[in-house]
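Only one structure is covered here, and it is reproduced in the block below.
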2 protein chains.
Amino acid sequence: MTTACTDCPLRCQPMFQPMNAEEITFMQAFKSAEVEVPAGQVLLWEGQPSPWLFTVLRGQGLRSKMLPDGDRQVVNFVFPGDFLGLQSGVMGEMKHSVEATTDMTLCRFARADLWRVFRDQPARAFDLTYLAATEEHFLGEALLTLGQRDATSRLAWALLRLWRRAVATGMQGPRGVPLPWRQRDLADALGLSLVHTNKTLARLRILGAAHWSGGYLAVPDPAVLAELAQEEDGAATPRPLF
Amino acid sequence: MTTACTDCPLRCQPMFQPMNAEEITFMQAFKSAEVEVPAGQVLLWEGQPSPWLFTVLRGQGLRSKMLPDGDRQVVNFVFPGDFLGLQSGVMGEMKHSVEATTDMTLCRFARADLWRVFRDQPARAFDLTYLAATEEHFLGEALLTLGQRDATSRLAWALLRLWRRAVATGMQGPRGVPLPWRQRDLADALGLSLVHTNKTLARLRILGAAHWSGGYLAVPDPAVLAELAQEEDGAATPRPLF
DNA sequence: AGACGCGCATTAAACTGTGACATAGCTGGA
DNA sequence: TCCAGCTATGTCACAGTTTAATGCGCGTCT
């Protein structure tokens with residue numbers, strides 16, 4: 001049973017900009033299926049085209065690139081509401097892989113229909129460009145973090161980002177926000193070794209800035225984490241939902 | 001005297017995908033001015049909106065982000081044909097600054113007219129999304145480089161990218177390709193100290209892989225540089241010209 | 001024309017944040 | 001029950017940073 005766009009649980013979250021009735025009607029028609037994906041499955045492969053694009057309805061994952069020698073760079077973590085596959089849609093092939101860390105539910109769209117968005121719905125096409133620019137902005141922030149910050153600041157930055165994104169998507173619970181990834185994933189995102197990441201996470205725990213365990217992240221005072229991250233305090237910036 | 005789009009010196013370069021007659025006519029009307037910018041001037045400021053977007057007709061520059069403590073991350077180098085200001089156009093403000101390293105000539109477009117592209121020219125809107133995805137792809141590659149490569153490999157990767165981009169834009173001369181930036185700029189792009197960058201450039205020179213001096217870069221055998229960069233050999237991938 | 005000063009490139013030496021290696025304990029799935 | 005994978009910790013090595021100094025070239029001033 002697929003979720004009607006009028007019943008979408010994400011649209012009311014502060015993370016996402018509102019949609020008008022015409023846009024919802026168009027998206028309902030544009031959505032071709034809703035698929036369940038088990039944890040561990042790769043949704044999109046680096047270097048390959050895909051006939052589908054996706055919006056994440058439920059679950060979490062990550063985007064990564066590989067070096068020939070097997071080293072992996074995690075380029076982003078995937079949350080509900082993220083749009084997947086835009087590179088394949090406009091450039092013909094994905095430049096990174098996307099894999100499910102937890103079981104996921106995806107709204108699926110046909111790549112062959114993407115041109116209809118540009119032809120018939122310029123406002124939605126504008127939102128797609130907005131999402132691409134949002135990803136570009138995030139990667140610029142990540143590049144700054146890897147290029148100019150030390151390990152403690154990098155981890156503080158990453159945990160703050162992940163915490164803000166999860167809170168704005170309505171995922172906060174009594175134990176904190178769900179963080180289903182491994183320390184290896186965070187190490188590969190921040191250009192650190194696994195051992196050094198573990199030691200630096202321990203330092204953040206001792207400082208009381210962040211506590212990640214059992215698949216949950218607790219941030220007692222986000223301003224403390226923001227200071228360690230050399231970031232200003234504040235919430236996640238809303239973006240279009242596609 | 002502005003350059004007519006029919007006379008654009010960039011369109012025939014292998015770096016850029018072809019444009020049809022309708023697209024050229026639209027761009028001629030869309031272009032509001034041609035401006036000269038002296039070396040050192042900032043074209044776009046991080047954190048601020050801009051009423052203009054630009055395509056670089058001539059000259060070179062860089063894009064950068066600043067940390068509160070004054071550290072700078074160079075996020076990309078700017079070449080003829082690059083489109084500047086898309087983040088301001090769709091997100092309302094620039095997420096990085098753009099400054100001229102040499103004297104530059106820019107084709108200028110009004111941000112207020114950007115909606116016309118999406119409404120009237122879906123193929124051009126698609127190209128804009130393509131350009132945003134191209135920048136996202138590049139930043140993913142840069143993130144991989146900073147996260148998983150050592151200093152020698154990073155410099156080899158950067159010089160190879162810059163060389164390929166310049167060659168595909170028709171900038172090759174007897175002394176190599178023009179590289180007007182400082183070692184400080186490359187260091188700030190690759191997350192290295194100035195001293196270590198200088199030493200590693202010397203190593204590449206001794207290896208005969210790359211020779212950067214007097215504002216020019218010579219690459220005797222790009223396959224050698226590609227190997228040091230852990231990259232496959234090949235030319236720059238063509239992209240749309242806006 | 002000559003002097004001066006600033007910015008950039010280059011090099012040496014000392015220091016350190018991070019990586020590499022090894023080991024132990026815990027947990028969940030087969 | 002067993003084992004692979006993950007988390008955690010200690011120790012040592014080193015790639016890269018920091019500090020300091022020198023030389024060169026170019027632009028400005030006299």
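Just so it is clear: chains get the letters A, B, ... in the order the sequence lines come, proteins before strands, and each one is counted from 1.
Nucleic acid contact class of B:Leu194 (heavy atoms, under 4.0 Å, all strands): none. Residue A:Gly215 is out of contact with every strand shown, counting any heavy-atom pair closer than 4.0 Å. Backbone-only contact: A:Gly191 has heavy atoms under 4.0 Å from sugar-phosphate atoms and none from a base.
Contact annotation: B:Arg203 does not reach the phosphate of C:dT10 (side-chain N/O to OP1 or OP2, under 4.0 Å). Proximity of A:Gln183 to the phosphate of D:dA8: a side-chain N or O atom is located under 4.0 Å from OP1 or OP2. In this model, the phosphate group of D:dT7 is not approached by any side-chain N or O of A:Asn198 to a distance below 4.0 Å at OP1 or OP2.
Nucleotide D:dT17 holds its C1' atom 13 Å from the CG atom of B:Asp71, rounded to whole Å. Rounded to an integer number of Å, the gap from CZ of B:Arg184 to C1' of C:dC6 is 16 Å. At whole-Å resolution of the value, CG in B:Asp150 and C1' in D:dA15 are 9 Å apart. Atom C1' of nucleotide D:dA15 and atom CG of B:Leu190 are separated by 15 Å, given to the nearest angstrom. In this structure, A:Arg182 places its CZ atom 17 Å from P of D:dA4, rounding to the nearest Å. Taking atom CG on A:Asp188 and atom P on C:dG19, their separation rounds to 11 Å, with Å as the unit. At whole-Å resolution of the value, CD in A:Gln148 and P in D:dG16 are 15 Å apart. Atom pair B:Leu192:CG and D:dT18:C1' shows a separation of 14 Å (rounding to whole Å applied).
When only modelled atom types and interatomic distance are considered, B:Thr152 and B:Arg203 share a side-chain donor-acceptor pair under 3.5 Å. Between the side chains of B:Thr3 and B:Glu34, at least one donor-acceptor pair of N or O atoms lies under 3.5 Å. A:Ser153 and A:Gln230 share a donor-acceptor pair across their side chains, judged by distance under 3.5 Å alone. A:Gln60 and A:Thr101 form no side-chain donor-acceptor contact under 3.5 Å, judged by distance and modelled atom types alone. Side-chain atoms of B:Ser64 and B:Gln73 form no donor-acceptor pair, as typed in the model, at a separation below 3.5 Å.
Two residues, A:Leu201 and B:His196, neighbour DNA chain D, and the one matched to the more 5' nucleotide by heavy-atom proximity is A:Leu201. Nearest-nucleotide positions on DNA chain C for A:Ala151 and A:Val195 put A:Ala151 closer to the 5' end.
Comparing the axis of the opening five pairs of the helix from C:dA1-D:dT30 to C:dA30-D:dT1 with that of the closing five pairs yields an angle of 40°, rounded to 10°.
For B:Lys199 against D:dT18, a side-chain-to-base donor-acceptor contact under 3.5 Å is absent.
Between A:Phe79 and A:Trp181, the distance separating the two ring centers is shorter than 6.0 angstrom.
Other residues, nucleotides and ligands contribute over 12 non-hydrogen atoms within 6.0 Å of the CD atom of B:Gln183.
Relative to the side chain of B:Arg205, the nucleotides C:dA22, D:dG16, C:dT10 differ in distance, and C:dT10 lies closest. The side chain of B:Ser193 lies closest to D:dT17 when the candidates are D:dT9, D:dT17, C:dT10.
Residues B:Glu136 and A:His137 are not in side-chain contact: their nearest non-hydrogen atoms beyond the backbone lie 4.5 Å or more apart.
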